[in-house]
Amino acid sequence: TLRVGVSCAGGGGMQDVGVCIDTSGSVSHLYSLEMDGVIKAVENPNIIPHDGSIRFMLGTDYEMYYGSNIVPLHPAQVITPATLPQLIQDLKTKRNTGGYSSGPTCVRRMSEYMKSLPQQAGSRTVITVGDGYWEGISMAKSELPKAVANGVGRVDVIGIGSVNLPELEANAWPQPANTLHGGRVTVAYSAGEVAS
């Protein structure tokens, strides 16, 4: 899913890739699966290039909902061979702090953070991971246009655990999900599937 979001974003130059992880109670026991999947994707240059073309950031629905200054758990960092080891170490030590089931809000606030970064990226992609028991489909329909207005061209969704598929699909962009150009929604059962 990460590969689809990155490769289809287009726009040339540096691409912003933000990941929103659901850390709410219903999936808190799957936090390691979520984070290990993200780490595997970041480690693999065939999924996330290490050539300075990707500016990566990761937020959880906890700090992206409660934080007043919209700084994700792992702030934006350009991935290069020199920055990769510290990035991986940093992701491995991030703690699950609990969450708020706020997938749509996390995507919107990630888009606001991306928009605030000093150098504008050629494209912005957000990948959100969780079970889809979030703020409701109406909230997704309200928040997605705001993220798009902030320059997000694609939102892919990875479902884990016991998923609410209609809500996962409502959070993907472009709509409708899983069509030729639509945001991709997949369900993962392992860290390897999250990564791929």
Side-chain angles (χ1 to χ4, degrees), residues 1-24 34 38 41-42 48-49 52-79 87 91 94 99-130 132 134-159 167-186:
T1 299
L2 287 170
R3 184 184 328 203
V4 170
V6 173
S7 65
C8 293
M14 185 172 52
Q15 299 178 49
D16 279 344
V17 176
V19 177
C20 281
I21 291 185
D22 181 356
T23 57
S24 62
E34 292 176 296
V38 170
V42 171
I48 299 283
S53 65
I54 301 295
R55 183 165 54 184
F56 174 84
M57 56 220 79
L58 178 139
T60 74
D61 58 355
Y62 178 81
E63 85 282 351
M64 297 304 280
Y65 185 85
Y66 291 108
S68 58
N69 58 357
I70 319 177
V71 176
L73 186 67
H74 183 83
Q77 180 175 12
V78 176
I79 301 178
L87 169 60
L91 292 174
K94 293 299 186 193
Y100 191 70
S101 300
S102 57
T105 297
C106 189
V107 170
R108 191 235 327 142
R109 295 197 80 188
M110 182 67 78
S111 76
E112 292 168 356
Y113 175 73
M114 289 173 165
K115 188 176 178 181
S116 76
L117 295 171
Q119 180 187 352
Q120 294 304 305
S123 68
R124 297 179 184 138
T125 299
V126 179
I127 297 102
T128 185
V129 186
W134 294 331
E135 298 165 288
I137 289 175
S138 61
M139 187 65 146
K141 289 181 178 179
S142 167
E143 295 291 74
L144 254 183
K146 297 172 188 172
V148 172
N150 287 329
V152 170
R154 184 171 187 92
V155 179
D156 287 332
V157 182
I158 303 170
E167 191 163 346
L168 292 175
E169 290 174 345
N171 278 275
W173 183 263
Q175 287 284 322
N178 287 340
T179 56
L180 180 60
H181 299 291
R184 186 174 169 115
V185 178
T186 56

Can you tell me how far CE of M14 sits from CG of L117, rounded to the nearest 0.5 angstrom? 8.0 Å
Does E112 use its side chain to pair, donor to acceptor, with the backbone of I70 at less than 3.5 Å? no
Output yes when E143 and K146 qualify as a salt bridge under the 4.0 Å nitrogen-oxygen rule, no when they do not. yes
Look up atom CG in D156 and atom CG in N171, then write down how far apart they are to the nearest 0.5 Å. 12.0 Å
Main-chain N/O of I54 paired with Q15 side-chain donor or acceptor, under 3.5 Å: no
Tell me if a side-chain donor or acceptor on R124 pairs with a main-chain N or O of N150 at a distance below 3.5 Å. yes
Give a yes or no on whether the backbone of G59 and the side-chain of R109 come within a donor-acceptor separation of less than 3.5 Å. no
Taking all non-hydrogen atoms of both residues into account, name the closest pair between V152 and S111 and its distance. CG2-CB, 3.5 Å
For residues A172 and L144, report the shortest heavy-atom separation together with the two atoms involved. O-CD1, 3.3 Å
Counting only N and O atoms by type, is there a donor-acceptor contact under 3.5 Å from the side chain of D61 to the main-chain atoms of G103? no
Please report the shortest heavy-atom distance between C106 and C20, naming the atom on each side. SG-SG, 2.6 Å
Looking only at heavy atoms, which two atoms of M57 and M110 are closest? And how far apart? CG-SD, 3.5 Å
Which heavy-atom pair separates V17 from M114 by the least distance, and what is that distance? C-CE, 3.9 Å
With a 3.5 Å distance limit and no angle check, can you tell me whether E169 reaches the backbone of Q175 through a side-chain donor-acceptor pair? no
Within the distance-only criterion (no hydrogens, no angle test), does the side chain of N178 pair as donor or acceptor with the backbone N or O of V185 below 3.5 angstrom? yes
Restricting to non-hydrogen atoms, name the atom on A76 and the atom on Y113 that form the minimum distance, rounded to 0.1 Å. N-OH, 3.0 Å
Yes or no on side-chain contact (heavy atoms from CB on, under 4.5 Å) for H74 and V19, after CA distance, side-chain angles and deciding distance? CA-CA 10 Å; H74 183 83; V19 177; over 6 Å; no
Roughly how far apart are D16 CG and Q120 CD, rounded to 0.5 Å? 8.0 Å
Give the intermediate values and the outcome of side-chain contact (heavy atoms from CB on, under 4.5 Å) for residues W134 and V107. CA-CA 12 Å; W134 294 331; V107 170; over 6 Å; no
In a check of side-chain contact (heavy atoms from CB on, under 4.5 Å) between E34 and each of L58, T60, D22, which one passes? D22
Give a yes or no on whether the backbone of S102 and the side-chain of T105 come within a donor-acceptor separation of less than 3.5 Å. no
If we ignore hydrogens and angles and just use 3.5 Å, is the side chain of R184 paired with the main-chain N or O of W173 as donor and acceptor? no
